[in-house]
K.L.:
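Questions regarding the structure given below will be posed in turn.
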Amino acid sequence: MTIRRLAVLLLMLLLLLGAMVFGAQQIRLAGGELVKVWKVAGQPGLWRSAKFAQNQNFANAIRFLVE
């Protein structure tokens, strides 16, 4: 194996490692938000937007007013 091939292989491994670290960080950051979205998936759209904009009490008040 030549020095050039070894350098290219090392560079590719470093890029792959960097992509894996970046992906893990993104999953960790977005994971909490995805769990929140999953928990309210069955609610109406107006209720969900009110909950994410303010809080659940506000969303319940909006739902009460609509009904």
Side-chain angles (χ1 to χ4, degrees):
M1 199 178 264
T2 64
I3 297 293
R4 182 178 170 94
R5 280 190 159 190
L6 186 61
V8 168
L9 180 63
L10 182 61
L11 179 63
M12 288 176 57
L13 288 174
L14 284 173
L15 287 173
L16 179 63
L17 179 64
M20 289 173 56
V21 168
F22 178 75
Q25 287 177 342
Q26 293 303 312
I27 289 172
R28 183 175 45 103
L29 289 173
E33 296 298 320
L34 289 176
V35 169
K36 289 179 189 176
V37 169
W38 182 261
K39 287 181 180 178
V40 299
Q43 298 293 336
L46 180 62
W47 186 90
R48 286 192 313 261
S49 13
K51 181 180 185 316
F52 290 124
Q54 297 293 321
N55 58 28
Q56 187 166 353
N57 291 335
F58 180 73
N60 291 336
I62 294 294
R63 186 180 208 176
F64 173 76
L65 291 174
V66 168
E67 290 176 359

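Quick note: residue numbers are just sequence positions, from 1. Keep in mind that this is a model prediction, so the values were computed, not measured.
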K.L.:
What are the two closest non-hydrogen atoms of R48 and V40, and how far apart are they?
P.N.:
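Smallest heavy-atom distance, with atoms named: CD-O, 3.2 Å.
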K.L.:
Which pairs would a plain distance check flag for residues 55-67, meaning a side-chain donor or acceptor within less than 3.5 Å of a matching protein atom at least two apart in sequence or in another chain?
P.N.:
from, atom 1, to, atom 2, distance (Å)
N55, OD1, N57, N, 3.3
N55, OD1, F58, N, 2.8
N60, OD1, W47, NE1, 3.0
N60, ND2, Q56, O, 3.4
R63, NH1, Q43, OE1, 3.1
R63, NH2, Q43, OE1, 3.4

K.L.:
Drop me the distance from L14's CG to L9's CG, to the nearest 0.5 angstrom.
P.N.:
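CG of L9 is found 9.5 Å from CG of L14.
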K.L.:
For residues 17-39, tabulate all N or O donor-acceptor pairs below 3.5 Å that involve a side-chain atom, not counting sequence neighbours.
P.N.:
none

K.L.:
In the hydrophobic clustering that connects Ile, Leu, Val, Met, Phe, Trp and Tyr at side-chain heavy-atom distances below 4.5 Å, which members other than M12 occupy its cluster, ordered by chain and number?
P.N.:
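When side chains under 4.5 Å apart are linked, the cluster holding M12 also contains V8.
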K.L.:
How about L10: does its CG atom have over 12 heavy atoms from other parts shown lying under 6.0 Å from it?
P.N.:
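More than 12 heavy atoms, drawn from other residues, nucleotides or ligands, come within 6.0 Å of this atom.
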